[in-house]
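Let me begin by presenting the structure, written as structure tokens, before commenting on it.
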Number of protein chains: 2
Amino acid sequence: MSPDLPAYRRIADDLRVRIQSGEFPPGSTIPTQQELTDQYKVARMTARQALAELVNQGLVVSQQGKGTTVRDVRHMVYRPQAEFEPRISAEMDRFMAQLSQDGRKPSQSIDVAVESAGPIVAARLGLDIGDPVAVRKRVRSLDGEPFNINDTYYDFKLAGDTAIMNPADIPQGSNFVMESKGLVEVRAIDEIYIRMPNSEEVSRLNLGAGTPVAMHVATGYTADDRPVRCDIFIIPGDRHVILFERIHNRQDAPAATS
Amino acid sequence: MSPDLPAYRRIADDLRVRIQSGEFPPGSTIPTQQELTDQYKVARMTARQALAELVNQGLVVSQQGKGTTVRDVRHMVYRPQAEFEPRISAEMDRFMAQLSQDGRKPSQSIDVAVESAGPIVAARLGLDIGDPVAVRKRVRSLDGEPFNINDTYYDFKLAGDTAIMNPADIPQGSNFVMESKGLVEVRAIDEIYIRMPNSEEVSRLNLGAGTPVAMHVATGYTADDRPVRCDIFIIPGDRHVILFERIHNRQDAPAATS
DNA sequence: AAGTGGTCTAGACCACGCC
DNA sequence: GCGTGGTCTAGACCACTTA
């Protein structure tokens, strides 16, 4: 039962324990690479490898010239239901109050474009890859720090001549603009994928190493099952909790077929 | 605008492009460390650093003696609503059919214990940290490969003398056992956290480097807002999509206060 | 046995932040 | 300037897989 771990693993495990024990609280600086090479009698590359472990696990961040510090994770609430289901229970209120971060200034930038549908969007909107789609690209920030990305796609044939193409903020919410075309969204399907960010997402969201993201794909439908819009959200894992609330349906009804 | 990237980044970016272009399809072997040192005229450690990038982004996996291969990601559907909301729309059916993987053999192991409540569970069940809780720990597997972890917690004072403490599978679903105590779950709140796995999760789920997980905390409530159970699911990002379906509530009702 | 990736060394020089 | 982490080299030996 002596696992005989490599040196860099022993160092990493040791530091992890010391961090979790509170010896190095969030925001504090852990030993430098030089200190680790001295204390553990290893080459600097080995100490670096130990630190790389912790960085990739999202526990610490290294900054050139400054040192390596313990990460502080504080979660904002991300609630997909908020737009269409304003009613929340008392329990939900409690969670939101516990988890939300107040006193920070929200802002967002909006960018509107016509693009060719990629595979994800095309499949959700019932289009062919390459068909034109109207996109509203938003980056939401908090205190100037980018917080999440939200790209909303519409079939250009349907949305091309609506207020959706206006890069300004749409007062009553862009989800209601399509109703002028007779497309009333009554239902949505949420898909959540967990993965590491690609390089574009890293730079747009200013993500550190070891930060996974959720890709949330929300597709809205009319009562007669036609897709209205497809939203793609990129949610950095180190800054968000995703929240849902469900009312149970205890009648064992068969799956809808009509 | 010449970014002047370090060598390992150029190599990593180059390989990433070649992988995404289809030159190296999922499952195929990418150039060896030796080949990279020759082709890019760098030291082996530099080639290794390039590969480490791709590993930590979840794009490839390295195996001693075998080589480095492109990862194949195929998503199983994970649908938190399944237990209590069997009714699904035609659109949902379409998604499930598209995304699910058939022909694989599911199995699960169940382990029952009484433990002390940790901070997460205690807060959800309205207990103090250290209070006794009944736990049903499940590992779900597919073709013998562990797929996800599901630990269900109950207040021991309420569940101690029910069928929940039976390590066998509970025919009608363990969520209905608490009803014998007058605790009928009518609502649930889902919290989803995105993060890198801890070492226990890595070994229990046999996770490769660069695989993030979702921690799904589901808390069930009675009609009078008492918590009934707290489920903690660990969902590996490389094997799951999380799916929700929502029916919009367009009456702008005020938040519940009663 | 040959080839793969994993670990480790002992140096070097560079880029960044702070005093 | 000094200390921090970032990049890079040219080797070495080990562990695992395949043939």
Side-chain angles (χ1 to χ4, degrees), chain A residues 2-15 19 24 27-71 199 202-203 206-211, chain B residues 2-15 19 24 27-71 199 202-203 206-211:
Chain A
S2 73
D4 197 23
L5 285 177
Y8 79 95
R9 286 286 305 273
R10 284 193 301 101
I11 300 172
D13 289 349
D14 189 19
L15 287 173
I19 288 169
F24 304 113
S28 67
T29 302
I30 67 173
T32 65
Q33 294 176 4
Q34 188 58 56
E35 287 166 350
L36 291 176
T37 68
D38 295 344
Q39 288 166 18
Y40 291 93
K41 310 269 189 255
V42 294
R44 187 175 154 229
M45 283 303 291
T46 305
R48 276 182 60 73
Q49 208 177 347
L51 292 175
E53 279 260 311
L54 302 182
V55 168
N56 287 324
Q57 289 172 355
L59 250 100
V60 302
V61 275
S62 292
Q63 284 166 287
Q64 216 171 28
K66 293 176 102 167
T68 303
T69 49
V70 179
R71 208 141 140 176
S199 41
V202 167
S203 58
N206 196 220
L207 298 175
T211 305
Chain B
S2 71
D4 198 21
L5 286 176
Y8 80 94
R9 286 286 306 273
R10 284 193 303 100
I11 300 172
D13 289 350
D14 189 17
L15 288 172
I19 289 169
F24 303 114
S28 68
T29 302
I30 67 173
T32 65
Q33 295 177 2
Q34 188 58 56
E35 286 165 349
L36 292 176
T37 68
D38 296 345
Q39 289 166 19
Y40 291 93
K41 310 268 189 256
V42 294
R44 188 174 154 230
M45 282 303 291
T46 305
R48 278 181 60 73
Q49 208 177 345
L51 292 175
E53 278 262 310
L54 302 182
V55 168
N56 286 324
Q57 289 173 354
L59 250 96
V60 301
V61 272
S62 292
Q63 285 165 286
Q64 217 172 25
K66 293 176 103 167
T68 302
T69 50
V70 179
R71 208 142 142 175
S199 42
V202 166
S203 59
N206 195 219
L207 298 175
T211 304

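To find a chain, count down the sequence lines: A is the first, B the second, and so on, and within it residues start at 1. No experiment lies behind these values; they were computed from the predicted model shown.
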Between P of dT7(D) and CZ of Arg9(B), the distance in whole Å: 8 Å

Short side-chain N/O contact from Thr68(B) to OP1 or OP2 of dT4(C), under 4.0 Å: no

Using whole Å, what does the distance between atom P of nucleotide dG5(D) and atom CD of Gln34(A) come to? 9 Å

Take atom CD of Gln63(A) and atom P of dT7(D), then tell me their distance rounded to the nearest Å. 14 Å

Tyr8(B) OH to dC14(C) P, straight-line distance once rounded to whole Å: 18 Å

All salt bridge (charged side-chain N to carboxylate O under 4.0 Å, His left out) counterparts of Arg71(A), not counting sequence neighbours: Asp238(A)

Could you state the CD1-C1' distance from Ile11(A) to dT9(C), rounded to the nearest angstrom? 13 Å

Can you list every salt bridge (charged side-chain N to carboxylate O under 4.0 Å, His left out) pair that touches residues 57-66 of chain B, not counting sequence neighbours? none

Can you give one letter per nucleotide of nucleotides 10-18 of chain D, 5' to 3': B if a protein heavy atom sits under 4.0 Å from the base, S if only from the sugar-phosphate, - if neither? B-B--BBSS

Sorted by chain and number, sequence neighbours left out, salt bridge (charged side-chain N to carboxylate O under 4.0 Å, His left out) with Asp13(A) holds for Arg16(A)

Tell me, with the steps shown, if Phe24(A) and Val60(A) meet side-chain contact (heavy atoms from CB on, under 4.5 Å). CA-CA 11 Å; Phe24(A) 304 113; Val60(A) 302; over 6 Å; no

Check whether any side-chain N or O of Thr46(B) sits under 4.0 Å from OP1 or OP2 of dT7(D), and answer yes or no. no

Picking from dT4(D), dC8(C), dT7(D), which would you name as closest to the side chain of Gln49(B)? dT7(D)

dC8(D) C1' sits how many Å from Arg10(B) CZ, rounded? 13 Å

Partners of Ser62(A) by side-chain contact (heavy atoms from CB on, under 4.5 Å), sequence neighbours excluded? Val55(A), Thr68(A)

Step-by-step side-chain contact (heavy atoms from CB on, under 4.5 Å) determination, Ile30(A) to Leu36(A): CA-CA 10 Å; Ile30(A) 67 173; Leu36(A) 291 176; 5.9 Å; no

Could you pull out all residues at least two apart from Thr37(A) that satisfy side-chain contact (heavy atoms from CB on, under 4.5 Å)? Gln34(A), Arg44(A), Ala47(A)

Write down the distance between CG (Asn56(A)) and P (dG6(D)), rounded to a whole number of angstrom. 12 Å

Distance check needed: dC8(C) P versus Tyr40(A) OH, whole Å only. 14 Å

Is Arg48(A) near enough to dG5(D) that one of its side-chain N or O atoms lies under 4.0 angstrom from OP1 or OP2? no

